[in-house]
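Only a predicted model underlies this, so the values are computations on that prediction, with no experimental measurement involved.
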Amino acid sequence: MVTEAVNAQELSMVTPREDARPLAAFEEEMRRHQRMVMSVAYRLLGSIEDAQDAAQEVFFRMYRNWDRLDPDRDAGAWLYRVTVNVCRDMRRMPSTELEDCGSEDTTEARLSIEQGLERLAAKEREAVVLRDVEGLSTEEVARILGATESTVRSHIRNARKKLREICFRRRP
Amino acid sequence: MTCDWVRALLPVYPEADERNAEMVRAHISNCAACRAEYEEYESLRRELAALPEFAPGVYEAIASQVRERIRRSRRTPWYWAAVAGLILAAGLGIRPAEVSELRLAIKAPEPPAVQAGFRNPVVHAAPRQRQVQKPAVAEPMEIRIVGDDPNVLIVWQVGGLPSGGGDL
């Protein structure tokens, strides 16, 4: 992929937009949320390279929806939702090589958290990552995932129980 | 409070209300098995929250890739017109070696007509003129491809996208 650096000023020169919101604001918003998007994507995908691809897609979608995003509201919740969606799509793609957990491998004293997350159902993984990695409230997680709070609570409880069983019960 | 009750509560211990949390704390201070299970949940929570150190340039790399995608997504109509012109030239059999000059002229057409030069000057000694009615467009432009043969002239006239078009 071409990675020629183009700064925001150059972008606005090449393609003047009729935006009410300048590209500099987009850049600032992107920088502000990069770490959050990367951490969620990394925990959902289990690989830094995949997380980087996901983050790129997330911010490109933010750009495409830039005019529709309310400048007076934090884009965080919207970005969480988009990040979860992008990661879901990437996990469905056959080209995304997710790490094999090595189901027969009993030489490790315990499995890593990445391996544990990999074995959860998608909704459990998403709920527990948003809750325990990002520290969001159950209400926020429910809003992002489009689920009820009781469903999210159930996903989180199941995810934690399974993670413990997976990670601590595979001793040689 | 029984061990079963406490173990059912441990996965949701961080969300437990103060009364339940206090009962769990009291129980695990006296029960080694439940305390061990509690420690495992705590260990997992810490691991989840602890992220690897991403390489120093990772964020700048993401930003650069996003900027590049934005730049590509917003290429202006003349860029695609030039690409189309080159494809047309290739389709007409003009090999790169035959092209002595490639000029891309961007200007308002005057008059709004398409001239077509052909490889056989006998058949088309007088270039045909044709009036083209175009809808209102932004920044119409013209691309000329000149080959070694002075009888060969390709004029590719393209209107810009309709006003408001080209949005993502």
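Between the CZ atom in A:Phe59 and the CD atom in B:Gln65 there is a gap of 12.0 Å [rounded to 0.5 Å].
Contact tally against chain A (heavy-atom pairs below 4.5 Å) for B:Val66, B:Val58, B:Leu48: the top residue is B:Leu48.
Judged by a 6.0 Å distance limit and a 45° cone about the ring axis, A:Arg164 is positioned over the six-membered ring of B:Tyr41.
Using a 4.5 Å cut-off between heavy atoms, A:Arg35 contacts chain B through both its backbone and its side chain. Contact of A:Tyr42 with chain B is made through the side chain alone, with heavy-atom distances under 4.5 Å. For A:Arg43, the part lying under 4.5 angstrom from a heavy atom of chain B is the side chain only. Using a 4.5 Å cut-off between heavy atoms, A:Glu57 contacts chain B through both its backbone and its side chain. Only the backbone of B:Ala50 comes within less than 4.5 Å of a heavy atom of chain A; no side-chain atom from C-beta onward does. Contacts between A:Met38 and chain B at a heavy-atom distance below 4.5 Å involve backbone atoms as well as side-chain atoms. For A:Ile48, the part lying under 4.5 angstrom from a heavy atom of chain B is the side chain only.
Under a 3.5 Å cut-off, the side chain of A:Arg157 and the backbone N or O of B:Val12 do not form any donor-acceptor pair.
Nearest heavy-atom pair, B:Ser73 versus A:Phe60, reported as atom, atom and distance to 0.1 Å: CB-CZ, 3.9 Å.
Of the listed residues (A:Ile113, A:Asp132, A:Val133), just one forms a side-chain contact (heavy atoms from CB on, under 4.5 Å) with B:Arg45, and that residue is A:Asp132.
With salt bridges taken as basic N to acidic carboxylate O contacts below 4.0 Å, one links A:Arg160 and B:Glu15.
At least one side-chain heavy atom of B:Glu60 sits under 4.5 Å from a side-chain heavy atom of A:Arg31.
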